[in-house]
Amino acid sequence: MSFIGQNTLRTKQLNRTLVFQTLLRLEAPTRQEIAAFTKLTPATITNIVNELMEYGYVVELGNGVSELKRAGRKTVVLGLNEEKKRVAGVHIRSDRVELGIVTLRGKVLKSTSFDLPTTIKQDDFLKLLTTKLESFLQENKALPVSCIGVGSVGLVDYENGTILEAEHLGWENVEIAAELSRTLKLPVHVDHHVRAMTLAEKMFGACKNQTDFLCVYIGQGIGSGLFLRDQLYRSETTGAGEFGHMTYQPEGRVCWCGKKGCLERYASEEAVLHELNVDSIKSVMEACQNGEADALESLRSAGNKIAVVLSSFINMFHVQKIVIGGDFAQEDWPLLQEIREKANKNSFLAKKRKVEVITTGLGDQQGIIGAASIALLESIFTVSINK
């Protein structure tokens, strides 16, 4: 299924992002191929490409042979000018913050991280984040950024750049976009961190050609993001995607959210650490790498529990692909293997068409690339064209 655009003035910005994503998806297309792929008119494509070239985002790579032309006919192929725009990506987890500088093609040039105290008030967090980010950007001033993307835990108001609530951290109405923008004098765009990762999978990862897919991230909690009909799904203010708070065990363990039996109480990083009675993810990963039975069995058990909930999800949304992220989602480890097998086995619809379950190809920088994706897409969307 192709991207479908509309040739109206009202959707000019939307069509611009459509062309940008098509350039990512097709690598080095011609203008004619972009028009065929998006169903936009050749004249619209010419205008948009000229605008993006004027701002330096798109360049002509030279002559190529288009499949849409008669054999041997030379046409000009296009590409993205990767160094034209760099953005900062800020991934906020419950236990740490990851920072990076990312190119137009999702390549992380520089990165760092810092741990968060077990308890930190939101005002102190904002001060700490601002100081760390300002220092990081100053240290890498040879790679200036034009905007900042933030992917955060909690309920996030995408439109207003606010963390509405991160109850487990004691935060409420954190105006993170306004504060960072005021201090650093740059545009700031904010979304939930797993929705951001989902966007990154669409732009730079394994789901460029999928219209319907789910991304699940297993961290201290368990979050998700969903693409439906080629659109990132957001449910008004809260955004949705709280996969970890779907019920795994009715009347089960009490969750910090106030409910009982939430999946993340049984299958998150925190749950695995508690089960193995260790205090660091690094310890669990080393144990798995060494083939220790207890650690491997704990991941197998977590994968089985996640698969139980996923199988019900698949019956509601028969997506084409599910991407699993997080430190435990290693290709040859039992968590991923268990999810892949059991989610398909226990889903009614998957009996007719199996869902591909994979680990992310973005590696341990998935969060940074995700956060940057928000800023990249927004900056292309809002670029001002003055003629």
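Count residues from 1 along the sequence. Everything quoted here is computed from the prediction, not taken from an experiment.
To the nearest 0.5 angstrom, Glu341 atom CD is 9.0 Å from Gln337 atom CD. Atom-to-atom distance recorded for Lys202:NZ and Ser373:OG is 13.0 Å, nearest 0.5 angstrom. Here the CG-CG distance, from Leu226 to Leu232, works out to 8.0 Å after rounding to the nearest 0.5 Å. Taking CG of Leu18 as the reference point, atom CZ of Arg25 lies at 9.5 Å (rounded to 0.5 Å). The structure places CG of Leu104 at 10.0 Å from NZ of Lys84, a figure rounded to the nearest 0.5 Å. To the nearest 0.5 Å, atom CD1 of residue Ile163 and atom CG of residue Asn173 are 10.5 Å apart.
Looking at heavy atoms from C-beta onward, Arg31 lies in side-chain contact with Leu78 at the 4.5 angstrom threshold. The side-chain heavy atoms of Thr162 and Val156, taken from C-beta on, include no pair separated by under 4.5 Å. Within the 4.5 Å cutoff, no side-chain heavy atoms of Ser181 are placed close to those of Leu186. By the 4.5 Å heavy-atom criterion applied to side chains, Ile101 and Val145 are counted as neighbours. Val77 places none of its side-chain heavy atoms less than 4.5 Å from the side chain of Glu60. Residues Arg86 and Ser146 are not in side-chain contact: their nearest non-hydrogen atoms beyond the backbone lie 4.5 Å or more apart. A 4.5 Å side-chain heavy-atom check between Ile374 and Tyr158 finds at least one atom pair inside the cut-off. Between Glu139 and Lys110 the shortest side-chain heavy-atom distance does not fall below 4.5 Å.
Residues Val190 and Gly161 approach most closely at CB-CA, 3.9 Å, considering heavy atoms. Closest heavy-atom contact between Leu99 and Lys132: CD1-O, 4.0 Å. Residues Lys208 and Leu24 share a closest heavy-atom pair of NZ-O, 3.1 Å. Listed here is the closest heavy atom pair of Ala200 and Leu362: CB-CD1, 3.8 Å. Taking each heavy atom of Ala375 and His189 in turn, the nearest pair found is CA-CD2, 3.8 Å. Residues Gly325 and Thr360 share a closest heavy-atom pair of CA-CG2, 4.1 Å.
Between Thr211 and Asp230, the side chains place no donor N or O within less than 3.5 Å of an acceptor N or O (distance only, hydrogens not considered). Inspection of the Ser268 and Glu270 side chains reveals no N or O donor paired with an N or O acceptor under 3.5 Å. Asn47 and Asn50 share no donor-acceptor pair across their side chains, judged by distance under 3.5 Å alone. Of the N and O atoms on the side chains of Trp256 and Glu264, at least one donor lies less than 3.5 Å from an acceptor on the other residue. Counted by atom type alone, Ser152 and His192 present zero donor-acceptor pairs between their side chains at under 3.5 Å. Using modelled atom types, one finds a donor on one side chain and an acceptor on the other under 3.5 Å when comparing Lys305 with Ser301. No donor-acceptor contact under 3.5 angstrom links the side chains of Glu134 and Thr183, judged on distance only.
Using a 4.5 Å cut-off between side-chain heavy atoms of Ile, Leu, Val, Met, Phe, Trp and Tyr, with links allowed through other members, Leu336 and Ile358 fall into different hydrophobic clusters. No continuous path of hydrophobic side-chain contacts links Ile92 to Tyr217 [ILVMFWY only; heavy atoms under 4.5 Å]. Hydrophobic cluster membership differs between Leu296 and Met285, with clusters built from Ile, Leu, Val, Met, Phe, Trp and Tyr side chains linked at under 4.5 angstrom. Linking ILVMFWY residues whenever their side-chain heavy atoms come closer than 4.5 Å, directly or via other members, places Val319 and Met246 in the same cluster. Hydrophobic clustering of Ile, Leu, Val, Met, Phe, Trp and Tyr side chains at less than 4.5 Å, counting indirect connections, unites Leu335 with Ile322.
Crowding of Glu175 atom CD: a count of heavy atoms from other residues, nucleotides or ligands under 6.0 Å not exceeding 12. Around atom NE2 of His168, more than 12 heavy atoms belonging to other residues, nucleotides or ligands sit under 6.0 Å away. Heavy-atom neighbours of Lys321 NZ from other residues, nucleotides or ligands within 6.0 Å: above the threshold of 12. In this structure, Asn315 places its CG atom where more than 12 heavy-atom neighbours from other residues, nucleotides or ligands lie under 6.0 Å away. Annotation: Asp332, atom CG; neighbour count of heavy atoms from other residues, nucleotides and ligands within 6.0 Å is above 12.
Judged by distance alone, the side chain of Asn290 and the main-chain N or O of Glu292 form no donor-acceptor pair under 3.5 Å. Using modelled atom types, no side-chain atom of Ser347 and backbone atom of Asn344 make a donor-acceptor pair closer than 3.5 Å. Not one N or O on the side chain of His318 forms a donor-acceptor pair closer than 3.5 Å with the backbone of Val355. Put simply, the side chain of Thr130 gets close to the backbone of Leu126: a donor and an acceptor are under 3.5 Å apart. Remark: side-chain polar atoms of Asn346 are paired, donor with acceptor, to backbone N or O of Lys342 under 3.5 angstrom. The closest donor-acceptor contact from the side chain of Thr247 to the backbone of Pro250 lies at 3.5 Å or more, if one exists at all. Checked by atom type and distance alone, the side chain of Asn140 pairs as donor or acceptor with a backbone atom of Phe136 at under 3.5 Å. Not a single donor-acceptor pair under 3.5 Å links the side chain of Glu201 to the backbone N or O of Cys215.
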Could you walk me through whether Asp115 and Asp95 pass the side-chain contact (heavy atoms from CB on, under 4.5 Å) test, one step at a time? CA-CA 6 Å; Asp115 293 334; Asp95 56 345; over 6 Å; no
One pair to check against side chain to side chain donor-acceptor pair (under 3.5 Å): Thr75 and Gln32. What are the steps and the verdict? CA-CA 9 Å; Thr75 55; Gln32 295 89 347; 5.0 Å; no
Working for side-chain contact (heavy atoms from CB on, under 4.5 Å), residues Ile176 and Val188: CA-CA 9 Å; Ile176 188 167; Val188 179; over 6 Å; no
Quick one: do Thr44 and Thr38 satisfy side-chain contact (heavy atoms from CB on, under 4.5 Å)? Show the steps, please. CA-CA 11 Å; Thr44 298; Thr38 61; over 6 Å; no
If you apply the rule side-chain contact (heavy atoms from CB on, under 4.5 Å), what do you find for Leu80 with Phe20, and how did you get there? CA-CA 8 Å; Leu80 292 172; Phe20 171 62; 3.8 Å; yes
Take Arg96 and Glu98 through the test salt bridge (Lys or Arg N to Asp or Glu O under 4.0 Å) and record every step on the way to the result. CA-CA 7 Å; Arg96 70 175 183 268; Glu98 300 165 346; 3.0 Å; yes
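In this structure, Arg340 does not pair ionically with Glu338, as no charged nitrogen and carboxylate oxygen lie closer than 4.0 Å. Classification of Glu269 and Arg93 as a salt-bridged pair holds, one side-chain N sitting under 4.0 Å from a carboxylate O. The pair Arg105-Glu82 does not count as a salt bridge, with every side-chain nitrogen at least 4.0 angstrom from each carboxylate oxygen.
In the hydrophobic clustering, where aliphatic and aromatic side chains (Ile, Leu, Val, Met, Phe, Trp, Tyr) are joined below 4.5 Å either directly or transitively, Leu349 groups with Phe348.
Contacts of Arg195 classified as side chain to side chain donor-acceptor pair (under 3.5 Å), with partners at least two apart in sequence or in another chain: Asp191.
The aromatic ring centres of Trp171 and Phe125 sit less than 6.0 Å apart.
Phe313 and Phe243 have perpendicular rings, their planes meeting at more than 60° on a 0 to 90° scale where under 30° would count as parallel.
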